[in-house]
Amino acid sequence: MPSPIRILTAIPICDGHDSAINTINLEFIRHGIEVVYLGYHRSVSDIVRAAIQEDVRAIGISSYNGGHIEFFAEVVDLLRKHGADDIKVFGGGGGTITHEDAVIMKRKGVDEIFFAGTSLDDMVKFVHKRYSKPRGKRARAKSFDQELAHKLTEIEDKKKIRNSKFEIRRRSRVIGFTGPGGAGKTTLIDELVLRFLNKDRRSRIAILSHDPSVVGQGALLGDRATMINSQNDRVFMRSMATRGQAGGLSPATRDSLALLARSGFDYVCIETVGTGQEAMPFRRNGIVELTILVMNPDYGSRLQLQKIVMLDLADVVVVNKSDLQRARTAHTEIEQRLGQNRRHQQLIDMVAKRHRDPGVDQLFALISRNPGAKRTRN
Amino acid sequence: MSKLGQVVEAVEKYNQFVLEQVKRARTDEKFGRDLLGRWNDIKAKIPTTRTPTGLPLPRLALPEISEPGEIARYLFGDGLPGEFPFLNGAYREMYLEPVREIESFEKNKAVAAGVSPANRAKMQPTRLAPQEEPTRLFSGLMLAEDTNERFHYLTRHQRTHRLSTAFDGPTLYGIDSDADGVFGKIGEGGVAIDTVEDMVRLYDGFDLGSPNFSASMTISGPAPIIMAMYIAAAKRRFGSKVAPKLRGTIQADIFKEVQAQNETIFPIEPSLRFLTDMVEFTTREMPRWYPISISGYHIGEAGSTPVQQAAYTLSNGFAYAEMFAARGIPVDQFGPRLSFFLDCGLDAEYIALARVSRRVWAIGMRDVFSAGAKAQLFKLHTQTSGRSLIAAEFKNNLTRTAAELMLAYMNATNSCHSNSADEPFTTPSEEWIRVAAHGQAILLEESGIFKHTMNMLSGSPGMKAVERAVEAAILDEFREIERLGGVLAAVEERYQRSQIQNASHRYERQIYDGTRPIIGLNRYRDGAEEIPEVKLVRTPRAKQQLQVDRLRKFKKKNAEKAKRALDKLAAVVERGENCFPTLLEAVEVCSLGQITGRLQEVVGRFRPMV
């Protein structure tokens with residue numbers, strides 16, 4: 001079976017009209033398309049960077065606030081400049097984009113503009129028809145990130161990886177983030193990224209993020225939309241759909257992570273999908289050297305804690321949303337639960353979404369103070 | 001229980017009170033007789049006017065009832081216009097043309113208003129004051145000087161100058177025009193404002209301190225900064241004592257941004273804090289200013305149901321009231337400075353949505369916040385629905401807007417904006433703006449629907465049925481929000497957002513599967529697609545470049561001072577003080593983007609909700 005089509009959707013900078021794109025995204029994933037959703041108010045460089053890193057087939061832009069002729073043209077131009085003109089651009093803007101505008105936009109390299117009244121079916125058909133053909137032989141990458149992105153696609157498509165023309169550098173520290181859906185893993189990673197970036201002006205970070213595929217359908221890969229600090233040239237992010245594999249990761253995760261870990265990043269963060277009690281996505285002595293379990297204070301009864309396998313395996317347990325009423329009880333109960341393990345696991349309370357949160361600072365300090373902690377221990 | 005839960009109880013209690021009054025009027029003979037006497041008094045004092053065809057009509061129409069229980073139900077349950085609980089209107093008289101033939105009109109007016117005989121003479125001049133037109137037109141395009149020109153054009157025939165300002169994308173997001181990647185957005189969809197100098201240009205030639213002038217600014221994320229620029233610009237032109245005279249409204253509605261419109265730039269809590277700083281300042285220093293316009297419009301436009309729109313708007317309003325009161329601002333000071341903004345579309349609920357909202361607000365403010373009469377008023381601006389307009393066969397939009405205008409005025413809105421038919425595909429052009437404005441004049445001035453009898457269309461059984469159903473549904477929404485821990489907690493867990501998105505998807509699905517007929521789109525569609533040949537208003541590149549150039553000049557000129565002002569601002573925010581007075585200083589030498597950027601360093605950026 002061929003791999004699903006991957007596209008990226010976004011709304012331009014200074015534009016918050018996300019009503020149409022939300023509807024369209026859902027329709028796309030219902031029809032087997034994997035959508036990396038970048039969110040609203042996104043600059044040209046954010047969109048192009050994400051499209052290259054995610055190595056999507058096309059970018060769909062929904063623009064309602066004007067300036068679309070320039071904006072779409074800038075996206076096309078920047079893709080070209082980065083040697084990524086195999087990524088195509090299409091979009092729409094209800095009635096704000098006129099037929100006359102569309103003619104100009106197409107002349108500047110945009111594949112298609114949808115007008116008000118186009119049915120969702122027609123948009124889905126267009127994407128399937130235009131972007132489902134297998135890619136031919138690809139031109140040599142123009143940048144390290146682009147080459148990495150191409151290789152990740154090859155891993156996902158189970159193709160053999162070519163040798164790199166770029167030098168492979170030192171091994172990265174790999175940190176795994178797991179925990180139930182809605183616990184705040186994405187927000188925590190994004191807040192840590194801000195601290196990584198500020199601490200060392202040259203460091204680079206990679207993020208491998210996972211979202212579930214809908215059974216028999218596509219996937220909405222939406223982590224980027226809420227990440228405000230990770231849209232940065234020093235961050236390489238890749239979003240993967242689980243494509244039918246249970247346990248929180250994708251069939252291609254292992255090889256992708258191995259590739260990222262030897263690609264010279266200072267840190268590689270891997271985020272699982274929201275996991276259940278029995279999940280153990282990261283094995284002991286695997287490539288992930290520090291495992292962080294992010295939890296909500298609302299896990300249910302104390303008995304539930306006994307069933308969470310990751311509480312035995314994680315190096316650090318984070319109780320996020322510690323401003324919630326139940327957080328103190330949660331802290332006490334989890335502390336006791338970890339005490340049974342006698343492994344000196346760390347327990348940190350935080351409100352990850354809060355600016356300059358001391359709990360996130362504490363975790364950051366722990367990560368940067370203790371390079372290779374686990375390796376020494378094992 | 002948050003204040004919202006108390007509002008639910010207050011409305012239920014009030015409805016129970018009404019039922020008791022009805023019962024009492026029927027059982028307690030003296031009470032019933034007194035009510036009947038009062039009712040006959042009211043009827044007798046309603047002035048009569050004559051239509052141009054000679055028909056005598058009462059200025060206010062009352063139900064034809066004489067049974068004390070029904071009278072009680074009307075007077076307590078609905079209230080006369082201008083009387084609690086204000087179902088029929090915030091004011092005693094609205095939309096009415098000057099009386100043609102009157103019978104002891106002045107005397108009646110004074111008596112009805114409860115004015116002592118000695119003071120009746122003093123009232124005379126108020127009748128002579130210029131009547132304010134309820135028409136508002138939203139405008140903003142290209143650079144400040146271009147919008148200024150448009151403002152002068154729009155108000156050339158008006159006695160009162162009520163300007164409603166739209167800002168471009170970069171301004172709405174607190175970004176400077178010279179920021180990376182926004183060049184094409186400069187002056188698109190609204191006016192580009194980067195500095196206090198732009199603000200001076202924007203309202204040039206208008207007397208900002210005059211009672212006949214008011215400015216409305218539709219901006220929320222960076223509202224405190226834009227407000228500070230407006231005050232600074234006014235001071236530059238009219239001296240330092242102008243602030244107390246300034247009239248107008250700034251939207252500054254953070255909750256609805258997070259729920260629907262996505263123009264939030266700081267995290268929710270600091271956004272609310274900056275807003276409260278501004279409200280604390282304006283209620284004290286600028287008693288004529290409306291520092292927040294609690295807006296359902298954008299919630300409606302994002303695809304909510306009408307009930308969701310009203311419920312979220314009202315609950316946001318109560319949450320703000322709770323917040324301002326917690327800051328120590330007296331409710332009778334901030335209450336009268338709150339105003340509301342609702343969408344009016346074509347769904348059945350709109351026949352009574354604002355009427356019910358007015359009633360729920362009044363009861364909540366009186367019985368939960370102990371507000372006095374002026375702070376109980378739900379003062380409403382309505383805009384016809386932009387979402388209901390479509391590009392295909394766009395002239396049909398005139399009919400849609402006309403029907404929505406009728407509904408808006410049947411709700412006794414205090415002011416109204418009618419959309420231009422060309423809005424689905426461009427910033428409205430002069431031709432269609434003119435048609436839209438005249439649409440209102442035709443309804444109010446030309447037709448006899450509102451000008452002789454202000455409530456000619458109120459009180460039908462159908463309207464009453466919608467009122468009851470809508471109020472019950474609003475209270476259900478309140479209960480759900482209360483269950484989630486109140487408005488802020490519900491916002492943070494995306495409750496309102498998810499509900500709105502869900503309703504929006506349903507709306508779109510209904511259009512696609514045809515269960516929601518849209519004429520010219522999914523029904524009675526002509527084979528050939530009509531391409532509107534309306535001239536587009538687009539900002540020329542040269543103008544965009546001009547904006548960038550003068551912004552850079554401003555920044556260069558003030559570089560040293562800006563650094564000091566920003567340091568001071570950051571320090572004030574870190575210390576947790578009211579930052580508005582410092583903002584007033586900062587806007588003299590800093591651009592919008594410089595201030596936003598520095599504040600974001602201190603309090604963080606808004607993390608989008610999806």
Side-chain angles (χ1 to χ4, degrees), chain A residues 11-20 22-27 37 39-47 64-74 93-101 115-117 119-121 182 186-187 190-191 194 220 222 225-229 325 353-356, chain B residues 168-173 175 179-190 257 260-264 267 269-270 301-303 387 389-392 394 423-427 492 500-501 504-505 508-509 512 521-522 525 529 531-532 534 536 538-539 541 602-610:
Chain A
I11 301 167
I13 195 161
C14 303
D15 194 340
H17 296 83
D18 62 351
S19 183
N22 279 327
T23 303
I24 294 166
N25 281 344
L26 292 184
E27 201 63 17
Y37 178 47
Y40 58 84
H41 186 35
R42 292 302 192 192
S43 69
V44 169
S45 51
D46 284 353
I47 292 172
Y64 280 79
N65 240 5
H68 40 263
I69 297 179
E70 292 82 357
F71 195 87
F72 278 73
E74 282 173 34
T96 65
I97 302 178
T98 66
H99 290 74
E100 217 172 52
D101 295 343
F115 300 101
S119 75
L120 293 170
D121 279 349
T186 309
T187 304
D190 194 48
E191 284 296 317
L194 178 67
L220 183 62
T226 60
M227 297 179 94
I228 48 182
N229 303 309
Q325 272 179 359
K353 65 172 186 188
R354 191 162 58 191
H355 190 55
R356 297 179 184 163
Chain B
D168 70 358
T171 310
L172 292 171
Y173 280 92
I175 297 175
D180 187 31
V182 305
F183 190 83
K185 302 260 176 193
I186 301 171
E188 284 288 313
E257 290 296 342
Q261 212 183 2
N262 300 332
E263 286 161 7
T264 319
E269 284 179 31
E301 290 294 290
R387 193 178 177 130
L389 307 186
I390 59 169
F394 79 103
E423 195 184 277
F425 45 89
T426 182
T427 302
E492 288 194 336
I500 295 166
Q501 284 179 359
S504 173
H505 293 154
E508 294 299 330
R509 262 201 325 273
Y512 284 113
L521 187 69
N522 63 10
R525 184 174 179 159
E529 174 79 14
I531 300 166
V534 176
L536 291 184
R538 290 272 165 78
T539 311
R541 287 187 75 87
V602 182
V603 302
R605 287 192 284 155
F606 179 70
R607 188 178 296 282
M609 291 181 175
V610 293

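So that the names make sense, note that chain A is the first sequence line, chain B the second, and so on, each numbered from 1. As a basis for the values below, the full set of heavy atoms in this structure was taken, side chains included, without hydrogen atoms, waters or symmetry mates.
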Output the distance between atom [atom1] ([X]) and atom [atom2] ([Y]), rounded to the nearest 0.5 Å.
X	Y	atom1	atom2	result
A/I13	A/Y40	CD1	OH	13.0 Å
A/I228	A/D46	CD1	CG	11.5 Å
A/H68	A/T96	NE2	OG1	5.5 Å
B/N262	B/L172	CG	CG	12.0 Å
B/Q261	B/E301	CD	CD	9.5 Å
A/H41	B/F606	NE2	CZ	11.0 Å

* Asked: Under a 4.5 Å heavy-atom cutoff, which of B/V602, B/T264, B/V610 has the most pairs with chain A?
  -> B/V602
* Tell me, out of B/P170, B/A179, B/G187, B/G181, who's got the most heavy-atom pairs with chain A below 4.5 Å. => B/P170
Measure distances from [X] to the heavy atoms of chain B and classify the residue's part below 4.5 Å as side chain, backbone, both or neither.
X	answer
A/L26	side chain
A/F115	neither
A/L120	both
A/N229	both
A/T187	both
A/R356	side chain

Part of [X] lying under 4.5 Å from any heavy atom of chain A:
X	result
B/E492	side chain
B/R541	side chain
B/N522	neither
B/L521	side chain
B/F183	neither
B/P267	neither

* When you check the gap from the basic side-chain N to the acidic O, do B/R387 and B/E508 get nearer than 4.0 Å? -> yes
* Asked: With side chains defined as the heavy atoms from C-beta onward, is the minimum distance between A/Y37 and A/D18 less than 4.5 Å?
  -> yes
* Asked: Does B/R607 reach the main-chain N or O of A/K353 with its side chain, forming a donor-acceptor pair under 3.5 Å?
  -> no
